[in-house]
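To start, the structure itself, in structure tokens.
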Amino acid sequence: MQFSRLLKIAALTLCAATISFSAQAQLKNSPMHANLPENAQTKDCLMCHQSYDAVAQKTAKLNPNPHSSHRGEQNCTSCHSVKGKPRLECNDCHTFDIKMKGE
């Protein structure tokens, strides 16, 4: 019983430590993102993120949903970067207050 409780505490501590990393640090330190080339393409992203529609479902609560664009499916790298900071391409024409992971 005591070991099980210690294991749960250790797991919670690990989760808290992981959450405390910045989102960009998590991207850089994740095994998959660390192995992506600087010039990664959408096809590379969709190896793990399944499909553009699946990503749009995950961001469905955002208003507007950046993955449900009037411009259709965009290249992931138009907004996201493997090594650098993200930038919301939508704000080239609009002014949306959407915080991206890694900002």
Side-chain angles (χ1 to χ4, degrees):
M1 285 290 196
Q2 195 69 343
F3 179 74
S4 175
R5 187 166 191 221
L6 287 173
L7 189 59
K8 287 178 185 176
I9 291 170
L12 289 172
T13 303
L14 180 61
C15 287
T18 301
I19 291 169
S20 69
F21 281 108
S22 74
Q24 191 64 27
Q26 289 179 33
L27 288 177
K28 288 179 182 176
N29 293 325
S30 75
M32 186 58 192
H33 291 135
N35 292 325
L36 286 173
E38 295 259 351
N39 63 345
Q41 301 294 311
T42 297
K43 65 179 176 60
D44 300 312
C45 302
L46 296 181
M47 287 173 51
C48 293
H49 295 282
Q50 300 170 346
S51 69
Y52 203 85
D53 286 336
V55 175
Q57 288 176 10
K58 288 182 181 181
T59 57
K61 292 183 181 180
L62 294 176
N63 186 15
N65 183 347
H67 299 107
S68 182
S69 169
H70 60 89
R71 295 178 59 207
E73 293 183 11
Q74 298 296 300
N75 290 320
C76 298
T77 55
S78 296
C79 297
H80 302 279
S81 171
V82 175
K83 310 289 185 211
K85 292 190 86 165
R87 72 175 203 80
L88 186 62
E89 185 182 52
C90 298
N91 283 341
D92 288 351
C93 298
H94 305 277
T95 306
F96 297 130
D97 188 26
I98 296 175
K99 298 293 180 207
M100 294 178 62
K101 289 182 179 180
E103 278 191 305

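Here the structure is a predicted model, which is why all the values come from computation and not from measurement.
Here the shortest heavy-atom pairing between G84 and S81 reads N-OG, 2.8 Å. Considering all non-hydrogen atoms of both residues, T59 and H67 come closest at OG1-ND1, 2.9 Å. Taking both residues in full, the closest heavy atoms of Y52 and L46 are given as N-CD2, 3.9 Å, listed atom of the first, atom of the second, then distance.
Separating the NZ atom in K83 from the CG atom in L36 is a distance of 7.0 Å, to the nearest 0.5 Å. For the atom pair OG of S51 and CD of Q57, the computed distance is 7.0 Å after rounding to the nearest 0.5 Å. L62 contributes atom CG, which lies 11.0 Å from atom CG of D97 (distance to the nearest 0.5 angstrom).
Hydrophobic clustering, with ILVMFWY side chains joined whenever heavy atoms are under 4.5 angstrom apart, groups V82 together with M47.
Looking at heavy atoms from C-beta onward, M100 lies in side-chain contact with C79 at the 4.5 angstrom threshold. When side chains are defined from C-beta on, D92 counts as touching R87, because their heavy atoms get closer than 4.5 Å. When side chains are defined from C-beta on, P64 counts as touching I98, because their heavy atoms get closer than 4.5 Å.
H94 and H70 have perpendicular rings, their planes meeting at more than 60° on a 0 to 90° scale where under 30° would count as parallel.
The backbone N or O of Q41 sits nowhere less than 3.5 Å from a side-chain atom of T77 that would complete a donor-acceptor pair.
Here salt bridge (charged side-chain N to carboxylate O under 4.0 Å, His left out) pairs that include residues 71-80, with residues two or more places apart or in two chains, are R71-E89. Identified under the salt bridge (charged side-chain N to carboxylate O under 4.0 Å, His left out) test for residues 41-59, with sequence neighbours left out: none.
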